[in-house]
Amino acid sequence: MPASYVYLGPEGTFTEVALRTLPEAATRELVPMVSVPAALDAVRGGEAEAAFVPIENSVEGGITTTLDELVAGEPLMIYREVLLSITFALLVRPGTKLTDIKTVTAHPAAQPQVRNWLKAHLPEALWESAASNADGARLVQEGRYDAAFAGEFAAERYGLAALETGIHDAENAQTRFVLVGRPARPAAPSGADKTSVVVWQRDDHPGGLRDLLAEFAVRGINLMLLQSRPTGEGIGNYCFCIDAEGHITDRRVAEALMGLKRGSLQVRFLGSYPRADVGVDGVRPLHPGTSDEAFVSAADWVARCQDGRF
């Protein structure tokens, strides 16, 4: 398999910046792709070792294109995640003034993060989406749009000027990126991990979602993401993308996944991998009774009861 990582391109995207923070990126060929589906299909087709793509931002939540690609098609698995703080620059061709801007472009996920700024400073400008923020910069370079919201670092790459910088509607906005490869044995637990799955309900009934969530709640597992996505099989048919604290080798997580598997139509395991949001204070303590030791002790008690050894 080629020793390459593909990513949402072209060169100069936030995705590329985040990817280069991974130590292993220095030992791989980094290849830009035109879209998230193209990047993931390159992995499925054996053309790349892994793909690095955005999956969530703190303003709008899950990146639906990425989630839908992981939900459907040949299974893939998440191995790493990276968090990147995001602020935008308004990139223009040199000499362009704010009053000259009639059209702007960027990736669709950027619009909610600059909507208020756009309303205040360019209320008449026409917005059109680009495949990525860097691709928007490329389109400005080619003269197809007057301005693009992208990282300031993309200006030099595309021969543009940063007319405005530090643009963001929400303070401390972040985007989460994931390294995705073909399914394999998950890495050993790091002590601060996350497990991602997709769950399809067996049928639509009152309390159905509650029943799914109860598998985590009764075992003291905190959820970090819960997002519904349509299955494509008609209005009202949804699956659920879930990120939960812990590793699949943790007893509490393994038992929760077994409960989901028993009670659901389908469960797709997307991986257990180190969390990127662990600060200097580390992870929160486990809820009492949810450690592996507690599960082993409880199982031993049941076995003794079954043998009449109270």
Side-chain angles (χ1 to χ4, degrees), residues 22-24 50 55-56 62 67 70-71 75-83 176-202 207-228 239-310:
L22 293 178
E24 58 266 40
I55 195 169
E56 181 185 6
L67 292 175
L70 293 176
V71 166
L76 295 170
M77 201 167 94
I78 298 170
Y79 287 91
R80 294 283 299 275
E81 69 174 9
V82 172
L83 292 178
R176 175 179 160 235
F177 301 85
V178 288
L179 184 69
V180 180
R182 296 181 67 83
R185 181 187 296 273
S190 69
D193 298 289
K194 178 185 293 184
T195 293
S196 298
V197 295
V198 185
V199 184
W200 285 259
Q201 290 181 283
R202 193 176 301 280
L209 178 57
R210 180 204 60 192
D211 294 341
L212 298 181
L213 300 183
E215 298 291 351
F216 297 100
V218 299
R219 296 173 177 89
I221 300 171
N222 186 49
L223 298 187
M224 308 178 75
L225 179 141
L226 173 64
Q227 182 155 340
S228 61
C239 58
F240 299 94
C241 301
I242 298 172
D243 289 347
E245 286 185 338
H247 193 277
I248 192 172
T249 59
D250 296 335
R251 290 287 292 267
R252 65 190 184 281
V253 176
E255 289 201 7
L257 296 186
M258 285 189 283
L260 290 176
K261 183 64 176 176
R262 291 195 312 270
S264 303
L265 178 65
Q266 181 184 351
V267 180
R268 174 172 284 193
F269 176 65
L270 295 181
S272 289
Y273 47 93
R275 287 171 49 186
D277 62 341
V278 179
V280 294
D281 296 329
V283 297
R284 74 183 76 193
L286 291 178
H287 190 73
T290 64
S291 67
D292 279 4
E293 293 78 8
F295 275 89
V296 169
S297 176
D300 181 64
W301 174 80
V302 170
R304 285 187 284 110
C305 290
Q306 291 171 338
D307 291 341
R309 295 181 291 111
F310 301 95

Gap separating the [atom1] atom of [X] from the [atom2] atom of [Y], nearest 0.5 angstrom:
X	Y	atom1	atom2	result
S190	H247	OG	NE2	7.5 Å
L270	C241	CG	SG	7.5 Å
L257	R252	CG	CZ	11.5 Å
T290	F295	OG1	CZ	6.5 Å
F240	L209	CZ	CG	4.5 Å
R185	S272	CZ	OG	12.5 Å

Any side-chain heavy-atom pair of [X] and [Y] under 4.5 Å:
X	Y	answer
E24	R80	yes
I55	E81	no
K194	I78	no
E56	Q227	no
D250	D193	no
F269	P183	no

Exercise for the section: Can you tell me which residue pairs pass the salt bridge (Lys or Arg N to Asp or Glu O under 4.0 Å) test with a partner in residues 255-266, sequence neighbours excluded? Expected result: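 Residue pairs passing salt bridge (Lys or Arg N to Asp or Glu O under 4.0 Å), neighbours aside: R219-E255.
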What are the two closest non-hydrogen atoms of [X] and [Y], and how far apart are they?
X	Y	value
T195	I248	OG1-N, 3.6 Å
T249	P189	OG1-CG, 3.5 Å
A244	I221	CB-CG2, 3.8 Å
R251	D292	N-OD1, 2.7 Å
D243	Y273	OD1-OH, 4.2 Å
Y79	P274	O-CD, 3.9 Å

Exercise for the section: Answer yes or no: is there a donor N or O on one side and an acceptor on the other, between the side chain of R268 and the main chain of L70, under 3.5 Å? Expected result: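 Judged by distance alone, yes, a pair lies under 3.5 Å.
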Handout entry: Side chain R202, main chain S264, donor-acceptor under 3.5 Å
Key =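 Between the backbone of S264 and the side chain of R202 there is a qualifying donor-acceptor contact (under 3.5 Å).
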Handout entry: Of N222, L226, V253, I242, the residue whose pairing with F216 passes side-chain contact (heavy atoms from CB on, under 4.5 Å)
Key =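 Answer to the side-chain contact (heavy atoms from CB on, under 4.5 Å) test with F216 among N222, L226, V253, I242: I242.
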Check: residues 303-310 side-chain donor-acceptor pairs under 3.5 Å, at least two apart:
unit_1 : atom_1 : unit_2 : atom_2 : d
R304   : NE     : D300   : OD2    : 3.1
D307   : OD2    : R309   : NH2    : 3.4

